[in-house]
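Step one of this worksheet: look at the structure below.
In this text the structure is predicted, and so the values were computed from the model without any measurement. Every number for a ligand or one of its atoms is a count from 1 in the order of the listing. In this chain, numbering begins with 1 at the start of the sequence shown.
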Amino acid sequence: MKDVSVKLGERIVLDDVSFEVEKPLLIMVVGPNGAGKTTLMKLLLGMVKPFKGSVKVLGLNPFIESLKLRMLVGYVPQKDRVSYEVPLKVSEVVLMGILLRKRFPRAVSREDVESAKKALEYLGMRDYWDSQFNELSGGQQRRVLIARALASNPTILLLDEVFAGLDAESQEKLLDVFRMLKKNGRTIVLVEHEFDPVMELADRVLVLNRTVCVYGEPSNVLNEDVLKTIYPCVKTVEKEGRRMVILGDRHA
Ligand SMILES: Nc1ncnc2c1ncn2[C@@H]1O[C@H](COP(=O)(O)OP(=O)(O)OP(=O)(O)O)[C@@H](O)[C@H]1O
Ligand SMILES: [Mg+2]
């Protein structure tokens, strides 16, 4: 992104945002409520148009070439706004993610079913293949939606606060998924309010508060002075050789 500014309604929600990701990495985007983190994700997907500056994702302009880009990007929104009024099975929700990326005629192949099952397996949801999506718990639904994003083997995976609602075991599973994706040269952009437990895997941290406060390697960014500029009550503590960040203002 270069000099990107976004206005929503009357408010400038992102102002002169610039950063570059040169190779596949895990990037963690952090910042307080209302900082523009979700808006940043929407920019990468072409769902929001900047009034100034330019955005390029994998060489594409997301606003103009958003259909092309969506074939390459997996996205799990902060709150899934899709309400399935028609009862859908878990299998159908995950396969939908694959089908939407296909050209007509859209038919499910045996490989698609295998990919969908594998993705559910990664998130520990394979046993729910035939379950009704609407009858799952919130965290289980979240895991299915992550599986849906994974199933189409995206080059870039965008996850907007997916950790918060997951139990410890599911968090561990998701960390394993990140390790695997990193090994396969995928890029993961992760919006989180809490720094742990993903920090050990992060290659870059982008601290956002309407504009980029700091962008760099975690060891440089995780510095109390830097963080205090956005979180007045931030504290960093050393634990078992790792630096952890404690935020005063927890996300609801
Ligand atoms: N459709 C909209 N119209 C007007 N203002 C909006 C709209 N969507 C978001 N905003 C405003 O843009 C700002 C940034 O919102 P955004 O959702 O990107 O923040 P966020 O960093 O994701 O916050 P959170 O941590 O709470 O998820 C907020 O002040 C919000 O009120
Ligand atoms: Mg948000």
Output yes when the distance from some N or O of ligand 1 to some N or O of [X] is under 3.5 Å, and no in every other case.
X: G31; result: no
X: G36; result: yes
X: G9; result: no

Identify, by atom number and element, the atoms of ligand 1 in contact range of [X], meaning under 4.0 Å from any of its heavy atoms.
X: N33; value: 23 (O), 24 (P), 25 (O), 26 (O)
X: E161; value: 25 (O), 27 (O)
X: Q78; value: 27 (O)

May I ask you to check whether Q78 brings an N, O or S atom to under 2.8 Å from the Mg ion (ligand 2)?
yes
Taking 2.8 Å as the cut-off, does M41 contribute an N, O or S atom near the Mg ion (ligand 2), distance below it?
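For M41, the answer is no, given that no N, O or S atom comes within less than 2.8 Å of the Mg ion (ligand 2).
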Neighbour count above 12 (heavy atom, 6.0 Å) for Y75 OH:
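Check passes, neighbour count above 12.
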For ligand 1, indicate whether the residue V13 contacts it via side chain, backbone, both or neither (heavy-atom separation under 4.0 Å).
side chain
Could you check whether S115 and D112, counting side-chain N and O atoms only, form a donor-acceptor pair closer than 3.5 Å?
no
Side chains of D16 and T211: is there a donor and an acceptor less than 3.5 Å apart?
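No, no side-chain donor-acceptor pair sits under 3.5 Å.
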Salt-bridge test for D176 and K173: reply yes if a basic N is under 4.0 Å from a carboxylate O, no otherwise.
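Not counted as a salt bridge, because no side-chain N and carboxylate O are separated by less than 4.0 Å.
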Measure from the side-chain N and O atoms of R210 to the backbone N and O of I12, and report whether any donor-acceptor pair falls under 3.5 Å.
yes
Tell me if a side-chain donor or acceptor on D203 pairs with a main-chain N or O of L26 at a distance below 3.5 Å.
yes
Tell me, do V55 and N61 make a side-chain contact under 4.5 Å, heavy atoms counted?
no
